[in-house]
Amino acid sequence: MPTKTPHPAAPRSTPPLREIRKVLVANRGEIALRVIRACRELGIRTVAVYSTVDEHALHVRFADEAVCIGPGPSSQSYLNIKNIIAAAELTGADAVHPGYGFLSERAEFAEIVQKCKLTFIGPDPTHMRVMGDKVTARQTMDRSGVPVLPGSGVLTSAAHAVAEAERIGLPVILKASAGGGGRGMKIVRDIKLLPQTLQTAQVEALKAFGNGDMYLERYVQSPRHVEVQVVADQHGNANHLLERECSVQRRHQKVLEEAPCSVLGDALRREMCAAAVAAAKAIGYHSLGTIEFLLDGDRFYFMEMNTRVQVEHCVTEMITGIDLVQEQIRLATGEPLGHLMREFRPRGHAIECRINAEDPIKFIPQPGTISALHFPGGYGVRVDSHMYQGITVPPFYDSMLAKLIVHAPDRQQAIRRMQRALGECVIEGIQTNIPLHRWLLKQPAFISGKYDTHFLEASLDPEAVRAEADAEVQG
Ligand code: MV4
């Protein structure tokens, strides 16, 4: 049940409503379009930023104004804070939406945006810092009663690590405190290997994140990745919008997501969603957020919090009927949760397939020009994409071309609808992972819903995927 944190009668934390008239969208691709569409419906003007290779991109055409912020490589454009802020000042934008990826979880960026008297459409930099430091996040959640796995603080020596591993019990997983999303993790099954593994991991973490801090957790052998969408306002109210199942992954990249999770019963769903709301309240969070859990049978444990809108937010939109990006913008103005402060029940079932420009067998990204394009349609089908016929997909960015989202009364019908939609999809000129999705949707483990985070990599069958690719060509 949604609850309200009582706060002093003298409103300490009731900021004035900040009007948003013009949003600078600090991103590209489908999420830039998603934000521009939300703004248009809210009557808010938009500013696109783009790199020289994105001159002909749809987000540039859809926005009211557009400013070039640098050359192709993201370090010089979509990650170039100075140029993005300059574009906001130049166009008189009063808010910045970071989308996902790029600068979306950089606390310094949110801080600079605020210092320039712009509204950051997201949480406070402090929330990003607490959740960006995984040891602090874990401790904060533990103290707030959110279940965490048995684990350690920052490891100070090999001896400390061994003592902690013996206390926790093998196998354990070493994680970088500055990591996240699967980066900087190592599983340790043999205590003799722990000191060496720790040293290697520290060096790697220092190189990758500029911080070598590592911690330990009990390793869960075959978990599911289930995450809860939370929403919170600037007045102390927080609520959840149910969960998403994201266990179909390869190398920590999600391939397909669905909502609701087919193995959660009502009682466990309530418990997990309540824990997610408690997590948000524990840090006085506001904006949209996602609490990721590892689900192990009927036990769940806090993994990470994402302080941004996520790629897979659409499946939640389909089963709740809520436009999450519009709500995110409203929350940034200081509006209260209002109509979001109710108990949500899953309305049917939604599935999202991420269509990537990649070799379906070897997963090598495939930049190039799209010579023919036709997206599916019809009842219960949604396509979020920045593609059009003739576009050249540059090599510098993420390879996701489109999200195919279906909504149906139940999971079986959603699977059938997705199979139908994939069958209507035509993308020529570059290879995509559509054959992988066609194969995936036929797998008994997927159809039965009995899969975990290892399922895709463990059962991938290159010959069977190749057969799907060949079948597609023949029609
Ligand atoms: C784990 C785990 C098992 N035990 N932690 C991967 C992403 C990052 N958020 C944490 N991850 C994991 N943490 C413990 N204690 C297994 C994973 C994991 C995983 C999690 C979600 C989805 C896919 C995954 C693939 C491999 C490992």
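Order of appearance sets the numbers: ligands from 1, and atoms from 1 within every ligand. Only heavy atoms go into these numbers, but all of them, side chains included; no hydrogens, no water, no symmetry mates. Sequential numbering from 1 along the given sequence is applied to the chain's residues. As the structure is a computational prediction, the values presented were derived from the model and not from experiment.
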Q. Out of His225, His252, Arg251, Gln249, whose heavy atom is nearest to atom 25 (C) of ligand 1?
A.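 When every heavy atom of His225, His252, Arg251, Gln249 is considered, His252 comes closest to atom 25 (C) of ligand 1.
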
Q. Is the NZ or CZ atom of Arg342 positioned over Phe344's six-membered ring, under 6.0 angstrom from the centre and within 45° of the axis?
A.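 Because its charged atom sits under 6.0 Å from the ring centre and within 45° of the axis, Arg342 does stack over Phe344.
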
**Q.** Proximal ligand 1 atoms for Met303, defined as those under 4.0 Å from one of its heavy atoms
**A.**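 With Met303 as reference, the close atoms of ligand 1 come out as 8 (C), 9 (N), 10 (C), 11 (N), 12 (C), 13 (N).
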
Q) Is the shortest side-chain N to carboxylate O distance from Asp384 to Arg354 below 4.0 Å? A)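 No.
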
Q: Give the residue, atom name and distance (to 0.1 Å) of the protein heavy atom nearest atom 7 (C) of ligand 1.
A: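 Going atom by atom, the protein heavy atom closest to atom 7 (C) of ligand 1 ends up being Gly182 N, 3.3 Å.
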
Q. Do NZ/NE/NH1/NH2 and the carboxylate oxygens of Glu111 and Arg129 come within less than 4.0 Å?
A.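 The answer is yes: the pair qualifies as a salt bridge.
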
Q) Going by the order shown, which atoms of ligand 1 are within less than 4.0 Å of some heavy atom of Glu217? A)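 Contacts of ligand 1 toward Glu217, numbered from 1: 5 (N), 14 (C), 15 (N).
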
Q) Among protein heavy atoms, which sits nearest to atom 24 (C) of ligand 1, and what does the distance come to when rounded to 0.1 Å? A)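 The protein heavy atom lying closest is Thr453 CB, 3.7 Å.
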
(Q) Is Met185 close enough to touch ligand 1? Criterion: a residue heavy atom under 4.0 Å from a ligand atom. (A)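 Distance cut 4.0 Å: Met185 passes for ligand 1.
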
**Q.** Under-4.0 Å salt bridge between Arg382 and Glu352
**A.**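 Glu352 and Arg382: not salt-bridged.
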
Q: List the closest protein heavy-atom neighbour of atom 9 (N) of ligand 1: residue, atom name, distance to the nearest 0.1 Å.
A: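 In this structure, atom 9 (N) of ligand 1 has Glu304 OE2, 2.9 Å as its nearest protein heavy atom.
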
Q: Look at Arg330 together with Glu327 and state whether they make a salt bridge at an N to O cut-off of under 4.0 Å.
A: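 Between Glu327 and Arg330 there is a salt bridge, with a charged N closer than 4.0 Å to a carboxylate O.
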
Q: Starting from atom 4 (N) of ligand 1, locate the nearest protein heavy atom and write down its residue, its atom name and how far away it is, to 0.1 Å.
A: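 Sorting protein heavy atoms by distance from atom 4 (N) of ligand 1 puts Val220 N, 2.9 Å first.
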
Q) Taking only heavy atoms of Arg218, which atoms of ligand 1 are found under 4.0 Å from at least one of them? A)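 Matching atoms, with element in brackets: 4 (N), 14 (C), 15 (N).
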
Q) Should you measure from each heavy atom of Glu292, which atoms of ligand 1 turn up under 4.0 Å away? A)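 Per the distance check, 9 (N).
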
Q.
So, 4.0 Å and heavy atoms of Gln221: is ligand 1 close enough to count as a contact?
A.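 Flag not set, Gln221 not near ligand 1.
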
Q) Where the side chain of Ser399 meets the backbone of Pro365, is there a donor-acceptor pair that is under 3.5 Å apart? A)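 No: the side chain of Ser399 does not pair with the backbone of Pro365.
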
Q. Would Glu317 and Arg34 pass as an ion pair if we require N to O under 4.0 Å?
A.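 Looking at Arg34 together with Glu317, the answer is yes, because their closest N to O distance falls below 4.0 Å.
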
Q) Can Lys186 and Glu204 be counted as an ion pair, charged N to O under 4.0 angstrom? A)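 Between Glu204 and Lys186 there is a salt bridge, with a charged N closer than 4.0 Å to a carboxylate O.
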
Q) What is the closest protein heavy atom to atom 5 (N) of ligand 1, and at what distance does it sit? A)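 Its nearest protein heavy-atom neighbour is Lys175 NZ, 2.9 Å.
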
Q: Identify whether the distance between the nearest side-chain nitrogen and carboxylate oxygen of Lys254 and Glu245 falls below 4.0 Å.
A: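 Looking at Lys254 and Glu245, the cut-off is not met.
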
**Q.** Nearest neighbour in protein (non-hydrogen) for atom 2 (C) of ligand 1
**A.**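 That would be Leu294 CD1, 3.7 Å.
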
